[in-house]
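Encoded as structure tokens, the structure appears first; notes follow it.
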Amino acid sequence: MEKLPDYLAHRREKLKKLKEKGINPYPYKFEKTHSSKEILESFEDLEKEKKVVKIAGRITSLRTHGKSIFFHIQDGYGKIQVYLKSDELGKEKFENFELFDIGDFIGVEGIVFVTKTGEKSIRASDFVMLSKSLRPLPEKWHGLQDKELRYRQRYLDLIVNPEVKKTFLTRTKIIQAMRKFLDDRGFIEVETPILQPIYGGASARPFKTHHNVLDRDLYLRIADELYLKRLLIGGFEKVYEVCKDFRNEGMDKNHNPEFSMLELYQAYADYNDIMKLEEELLKFVAEVILKKLIFVYQGDEINLDTEWKKIPLFESIKEYANVDLEKKDEEEIREVAKNLNLSVDEKTNKWKLVDTIFGNLVQPYLIQPTFITDYPIQMSPLAKRHRKKDHLTERFELFIGGLELGNAFSELNDPLDQKERFLQQMNLRDLGDEEAQVTDEDFLRALDYGMPPTGGLGIGIDRVVMLFTDSASIRDVIFFPQMRPEG
RNA sequence: GGGGGUGUAGCUCAGUGGUAGAGCAUCUGCCUUUUAAGCAGGUGGUCGGUGGUUCGAUCCCACCCACCCUCACCA
């Protein structure tokens with residue numbers, strides 16, 4: 001048998017001794033009366049009444065003093081100090097504590113008191129092992145710093161870095177707030193397929209899988225769009241889905257292969273209505289989460305309490321890059337990109353060139369909330385033509401803090417136009433654009449039956465969480481980000 | 001994929017061409033209000049991996065792996 005390192009062997013030895021004493025190191029349950037938070041909040045009453053409390057949690061620090069011991073236990077809501085005294089527990093019980101370590105789950109019974117140094121604590125009259133820990137926790141003072149370990153072993157990160165737990169609690173509250181906002185406005189939350197025979201609704205490469213019984217390839221969805229629109233056709237007027245989407249593409253601080261999205265559709269609305277809706281939604285979330293509309297993201301002060309700026313895409317490029325691309329042809333735009341030292345090649349098509357120029361010269365400077373509107377048709381195959389400018393669509397993206405937070409259209413509901421757009425996409429695909437969208441015949445058939453005029457919106461939930469928790473990387477707001485196999 | 005950085009004890013980090021250190025954790029002893037408890041004494045390492053240079057490599061070189069930053073890609 002392989003020899004364990006000392007720090008593991010010692011704990012195995014203690015585990016064995018517990019069993020020899022007839023103590024189950026992994027019992028089935030413990031009836032708590034309070035959480036640490038509840039005790040601290042109602043401390044004065046508990047102290048006055050000398051009420052016996054029972055609390056459970058993980059030992060996170062330990063100070064022994066011969067015949068007395070102090071330790072903190074951390075539960076799901078905070079931490080509280082416990083005091084053990086030999087006189088009060090009896091010698092045998094007190095000595096059993098030798099088999100407890102930092103990291104173990106313990107149940108404690110006792111009454112509350114305040115120590116000499118003023119800390120609200122529990123004077124234990126009994127304690128019980130709830131789960132023996134066989135590995136040491138990271139260091140108490142610096143916590144877990146190594147990002148790789150923090151992501152791979154998020155549970156440790158959560159145990160020792162309290163601000164991490166707070167970020168994820170905020171994440172949950174943000175999603176709750178989004179649901180409340182939409183539910184209160186009569187939106188219906190729905191679920192649509194993750195496994196799709198034809199992927200659509202966005203421009204991205206998919207993950208592919210296979211159904212054995214049907215002997216058919218399926219794709220993990222890259223968006224929910226085409227299914228939610230089918231529901232509009234079916235008669236729902238306001239729907240939304242909080243979903244995971246999957247895109248088989250690169251990973252960086254703004255992208256994870258699986259990510260969370262909020263998609264919503266509202267019949268009889270256009271993109272102007274959706275702009276207003278998204279602005280109200282994010283202001284509502286900010287009020288709920290931050291209790292204010294002015295906050296700092298990555299060093300920049302962001303003010304949501306303004307009239308949010310709206311600029312057409314080409315205007316924004318004119319404003320920030322000082323060049324008018326709207327009337328230029330592909331070669332002229334390529335020249336512009338090259339002169340700006342952007343890495344583009346002869347294969348980069350016109351629309352990707354525009355996108356690259358925007359992404360490098362405009363997007364990073366969109367710190368205050370800004371709607372970029374009216375994208376070219378070729379960049380927006382699911383968006384309705386602009387009512388006044390035929391070469392553009394009624395589409396917008398929202399940027400705050402340099403982050404792209406949403407993408408929305410007056411949805412294309414002209415079945416023949418949609419068919420044309422799919423054909424254009426297939427042409428791009430034939431020219432080597434692997435992210436070009438795939439024609440979905442069933443969706444076209446559905447559109448033939450008629451979809452009401454509709455406004456739709458997709459919001460990257462992870463990025464909203466980044467914004468409101470001042471996180472620099474998407475990995476800091478996803479519990480278990482995608483990682484390569486351990487090296 | 002390109003450029004830069006990091007990788008040393010369970011954790012946080014020093015360090016050196018002659019096979020290694022601190023703090024915390026852990027172990028032993030002392031200690032009945034401590035809280036980064038204290039005091040005394042221990043244990044613990046394939047120095048990310050594989051090759052090369054060298055009498056000798058954790059250190060220098062090459063390649064590989066992982067992670068971070070950045071560019072590209074990716075709405």
Side-chain angles (χ1 to χ4, degrees), chain A residues 3-11 13-14 60-72 79-89 94 98 101-103 113-119 121 123 133-153 156-157 159-161 202-205 222-223 247-257 259 313 341-345 348 351-352 354-356 358-360 363 372 375 379-380 395-399 403-408 433-435 458 460 463 472-475 481 483-487:
Chain A
K3 191 180 178 301
L4 290 171
D6 284 351
Y7 68 91
L8 296 180
H10 289 138
R11 289 186 179 228
E13 190 58 32
K14 287 177 181 176
T60 53
S61 66
L62 181 56
R63 297 168 291 283
T64 63
H65 298 270
K67 298 205 163 41
S68 75
I69 296 170
F70 287 92
F71 59 89
H72 279 94
K79 52 172 67 176
I80 190 165
Q81 181 170 255
V82 177
Y83 178 52
L84 301 183
K85 205 175 168 188
S86 178
D87 297 350
E88 295 177 11
L89 288 159
F94 184 82
E98 285 172 12
D101 288 297
I102 290 173
F113 77 110
V114 179
T115 64
K116 248 184 210 169
T117 52
E119 179 164 352
S121 305
R123 185 188 302 266
S133 166
L134 298 180
R135 287 177 188 270
L137 292 178
E139 198 223 1
K140 62 185 173 188
W141 192 238
H142 300 90
L144 189 64
Q145 298 294 328
D146 187 302
K147 283 198 181 175
E148 183 172 357
L149 291 181
R150 288 183 46 215
Y151 296 146
R152 289 194 196 278
Q153 296 181 272
L156 291 179
D157 195 24
I159 293 168
V160 302
N161 296 329
S203 300
R205 281 177 287 170
I222 59 173
R247 298 187 185 176
N248 204 340
E249 286 167 353
M251 294 145 60
D252 62 30
K253 65 180 178 169
N254 292 317
H255 297 85
N256 193 63
F259 62 100
L313 175 68
N341 279 326
L342 301 176
S343 76
V344 295
D345 59 33
T348 314
W351 313 109
K352 294 215 162 187
V354 172
D355 201 39
T356 301
F358 173 81
N360 282 280
Q363 181 175 343
I372 299 295
Y375 288 68
M379 293 170 82
S380 318
R395 171 184 178 188
F396 72 82
E397 293 197 337
L398 172 67
F399 297 87
L403 294 171
E404 183 204 322
L405 290 182
N407 183 26
D433 183 353
E434 288 185 72
E435 280 117 27
R463 293 180 187 171
S473 169
I474 199 168
R475 297 191 149 193
M483 302 287 280
R484 288 193 174 81
E486 287 185 48

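Throughout, a chain's letter reflects where its sequence line sits, starting with A, and its residues are numbered from 1.
Under the stacking criterion of a centre-to-centre distance below 5.5 angstrom and an interplanar angle below 30°, A:Y7 is not stacked against the six-membered ring of B:G10.
Contact annotation for A:Q145: backbone-only contact, meaning every heavy-atom pair under 4.0 Å involves sugar-phosphate atoms and none involves a base.
Side chain of A:E139 to main chain of A:H142: a donor-acceptor pair is present (N/O by atom type, distance under 3.5 Å, no hydrogens or angles). Side-chain atoms of A:R247 do not come within 3.5 Å of backbone N or O of A:A202 as any donor-acceptor pair.
A distance of about 23 Å separates the P atoms of B:U46 and B:G42, rounded to the whole Å. For the P atom pair drawn from B:U43 and B:C27, the interatomic distance equals 15 Å after rounding to whole Å. Separation of the C1' atoms belonging to B:G51 and B:C65 is 15 Å when rounded to the nearest angstrom. Rounded to whole Å, the C1' atom of B:U53 lies 16 Å from the corresponding atom of B:U58. To the nearest whole angstrom, the two P atoms, one in B:C60 and one in B:C11, are 23 Å apart. The C1' atoms of B:A57 and B:U16 are separated by 11 Å, rounded to the nearest whole Å. Of the P atoms belonging to B:U12 and B:U28, the separation is 25 Å, rounded to the nearest Å. Comparing the C1' positions of B:G45 and B:U26 gives a spacing of 15 Å, expressed to the nearest Å.
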Identify the pairs formed between an N or O of the protein and an N or O of nucleotides 39-41 of chain B at a distance under 3.5 Å, and give each distance.
none

Can you name the atoms? Protein N/O to nucleotides 68-74 of chain B N/O, anything below 3.5 Å, with the distance.
from: B:C68; atom 1: OP1; to: A:R475; atom 2: NH1; distance (Å): 2.6
from: B:U70; atom 1: OP1; to: A:K253; atom 2: NZ; distance (Å): 3.4
from: B:A72; atom 1: OP1; to: A:N360; atom 2: OD1; distance (Å): 2.7
from: B:A72; atom 1: O3'; to: A:S343; atom 2: OG; distance (Å): 3.3
from: B:C73; atom 1: N4; to: A:D252; atom 2: OD2; distance (Å): 3.2
from: B:C74; atom 1: OP1; to: A:K352; atom 2: NZ; distance (Å): 2.8
from: B:C74; atom 1: O3'; to: A:E249; atom 2: OE1; distance (Å): 3.3
from: B:C74; atom 1: O2'; to: A:E249; atom 2: OE1; distance (Å): 2.1
from: B:C74; atom 1: O2; to: A:H255; atom 2: ND1; distance (Å): 2.9
from: B:C74; atom 1: O2; to: A:H255; atom 2: NE2; distance (Å): 2.4

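In this structure, CD of A:E139 is placed 8 Å from P of B:A25, rounded to the nearest angstrom. If you take CG of A:D146 and P of B:G48, they are 13 Å apart, rounded to a whole angstrom. Straight-line distance from the CG atom of A:L149 to the P atom of B:C11: 6 Å, rounded to whole Å. Spacing between atom CH2 of A:W141 and atom P of B:C24 amounts to 13 Å, rounded to whole angstrom units. A:L4 has its CG atom 15 Å from the P atom of B:G44, to the nearest Å. Rounded to an integer number of Å, the gap from A:R150 CZ to B:A66 C1' is 17 Å. Rounded to whole Å, atom P of B:C11 lies 8 Å from atom CG of A:L144. One can place NE2 of A:H72 at 12 Å from C1' of B:A37, the figure rounded to the nearest angstrom.
Considering only residues two or more places apart in sequence or on other chains, A:K352 meets the side chain to side chain contact (heavy atoms under 4.5 Å, CB included) condition with A:T348, A:N349, A:D433, A:E435. Applying the ring pair (Phe, Tyr, Trp, His ring centres under 6.0 Å) criterion to A:Y83, with sequence neighbours excluded, gives A:F70, A:F113. Remark: A:L62 pairs with A:T64, A:I69, A:F71, A:F97, A:I102 by the side chain to side chain contact (heavy atoms under 4.5 Å, CB included) rule, at least two apart or across chains. Partners of A:R475 under the side chain to side chain donor-acceptor pair (under 3.5 Å) rule, at least two apart in sequence or in another chain, do not exist in this structure. A:N254 pairs by the side chain to side chain contact (heavy atoms under 4.5 Å, CB included) definition with A:D252, A:L403, A:R463, A:M466, not counting sequence neighbours. Every residue two or more places apart in sequence or in another chain was checked for a ring pair (Phe, Tyr, Trp, His ring centres under 6.0 Å) with A:Y375, and none qualifies. Applying the side chain to side chain contact (heavy atoms under 4.5 Å, CB included) rule to A:K253 yields the partners A:S473; only residues at least two apart in sequence or on another chain are considered. Applying the side chain to side chain donor-acceptor pair (under 3.5 Å) criterion to A:T60, with sequence neighbours excluded, gives no partner residue.
To the nearest 0.5 Å, atoms CZ (A:R395) and CD1 (A:I372) are separated by 11.5 Å. With values rounded to the nearest 0.5 angstrom, A:S203 atom OG is found 10.0 Å from A:D355 atom CG.
Between A:G143 and A:G118, the residue anchored closer to the 5' end of RNA chain B is A:G143, taking for each the nucleotide with the nearest heavy atom.
Counting heavy atoms from C-beta on, the side chains of A:L134 and A:L8 never come closer than 4.5 Å. Between A:K85 and A:H65, the closest side-chain pair of non-hydrogen atoms is not below 4.5 Å.
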**5'-to-3' dot-bracket of RNA chain B (Watson-Crick, G-U; under 3.5 angstrom; crossing pairs as [ ]; | other strand)** = (((((((..((((....[..)))).(((((.......))))).....(((((..]....))))))))))))....
**Request:** Assign a letter to each nucleotide of nucleotides 27-33 of chain B from its 5' end: B, base within under 4.0 Å of a protein heavy atom; S, sugar-phosphate only; -, no contact.
**Result:** S---BBB
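Taking a 6.0 Å sphere around CZ of A:R63, one finds it holds more than 12 heavy atoms contributed by other residues, nucleotides or ligands.
When the side-chain nitrogen and oxygen atoms of A:R484 are compared with OP1 and OP2 of B:C67, one or more of them lie within a distance under 4.0 Å. Using a 4.0 Å cut-off, no side-chain N or O of A:R63 falls inside it from OP1 or OP2 of B:U34.
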